[in-house]
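Values in this document were obtained by computation on a predicted structure and should not be read as measured data.
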Amino acid sequence: QVQLVESGGGSVQSGGSLRLSCVVFGYSFSTYCMAWFRQAPGKEREWVAAFGADSATWYPDSTEGRFTVSQDNAKNTLYLQMSSLKPEDTAMYYCAADYTYDSCSGSWGTADFGYWGQGTQVTVSS
């Protein structure tokens with residue numbers, strides 16, 4: 001059974017940095033799309049970064065240039081390095097996975113990912 005476990009969240013001041021981790025249990029990286037999402041109170045869950053099995057990466061405009069997604073195959077771990085954080089980045093951050101295709105399909109809805117972690121909270125103060 002696939003399990004995703006996030007960690008690394010916390011509180012940081014505006015302009016600061018955090019690195020989130022997502023360890024994957026029960027599946028080794030081969031064909032996949034891994035992604036990070038976030039959800040702020042009262043808002044819908046939104047996609048913030050993705051990493052495909054071909055090592056390609058994708059970002060929406062809101063995080064491009066500030067967030068970097070990477071992985072360590074040996075540790076079965078996906079990372080999200082977040083820099084220049086803003087108060088509007090405050091949210092619960094979730095790791096998600098899809099193993100349907102060789103890499104990411106370019107579709108970033110929550111329904112496109114079948115596996116989810118429990119989330120880790122990121123709070124950015126001004």
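For the pair W47 and T110, the minimum side-chain heavy-atom distance is 4.5 Å or more. Under the 4.5 Å side-chain criterion, counting only non-hydrogen atoms from C-beta, C95 is in contact with M34. Two residues are said to be in side-chain contact when any heavy atoms from C-beta on lie closer than 4.5 Å; S7 and T120 fail this criterion. In this structure the side chain of D98 never reaches within 4.5 angstrom of the side chain of D112, judged on heavy atoms. Within the 4.5 Å cutoff, the side chain of R45 has no heavy atoms near those of the M92 side chain. Residues Q121 and T90 meet the side-chain proximity criterion, which asks for heavy atoms closer than 4.5 Å.
Of the N and O atoms on the side chains of Y32 and Q71, at least one donor lies less than 3.5 Å from an acceptor on the other residue. With 3.5 Å as the limit, one finds a donor-acceptor pair spanning the side chains of D54 and S103.
Ring centroid separation for the pair F51 and W36 does not come in under the 6.0 Å cut-off.
The backbone N or O of S126 lies less than 3.5 Å from no partner atom in the side chain of Q13, so there is not a single donor-acceptor pair. Counting only distance, with no hydrogens or angles, the side chain of S62 and the backbone of P60 share no donor-acceptor pair below 3.5 Å. A distance-only check finds no donor-acceptor pair linking the side chain of Q81 to the backbone of R19 [under 3.5 Å]. Of the possible donor and acceptor atoms, none in the side chain of Y94 sits under 3.5 Å from a partner among the backbone N and O of Q39. The backbone N or O of A91 sits nowhere less than 3.5 Å from a side-chain atom of R38 that would complete a donor-acceptor pair. Using modelled atom types, one side-chain atom of T63 and one backbone atom of V48 make a donor-acceptor pair closer than 3.5 Å. T77 places no side-chain N or O within 3.5 Å of a backbone atom of D72 that could act as its donor or acceptor partner.
In this structure, T68 OG1 and Y79 OH are separated by 14.0 Å, a value rounded to the nearest 0.5 Å. Interatomic distance, CD of E6 versus CG of L20, reported as 8.5 Å (0.5 Å rounding). For the atom pair OG1 of T100 and CZ of F113, the computed distance is 9.5 Å after rounding to the nearest 0.5 Å. Between the OG atom in S70 and the CG atom in L78 there is a gap of 7.0 Å [rounded to 0.5 Å]. With values rounded to the nearest 0.5 angstrom, M82 atom CE is found 5.0 Å from Y93 atom OH. Here the CG-OG distance, from L18 to S83, works out to 9.5 Å after rounding to the nearest 0.5 Å.
Hydrophobic clustering (ILVMFWY, side-chain heavy atoms < 4.5 Å, transitive): W116 and L80 are in distinct clusters. In the hydrophobic cluster analysis, where Ile, Leu, Val, Met, Phe, Trp and Tyr join through side-chain heavy atoms closer than 4.5 angstrom, F67 is grouped apart from F37.
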* Verdict with supporting geometry, V2 and Y99, side-chain contact (heavy atoms from CB on, under 4.5 Å) -> CA-CA 11 Å; V2 177; Y99 300 109; 4.0 Å; yes
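Note: W58 and W108 have tilted aromatic rings, judged against thresholds of 30 and 60 degrees for the angle between ring planes.
Within a 6.0 Å sphere centred on OH of Y59, other residues, nucleotides and ligands contribute more than 12 heavy atoms.
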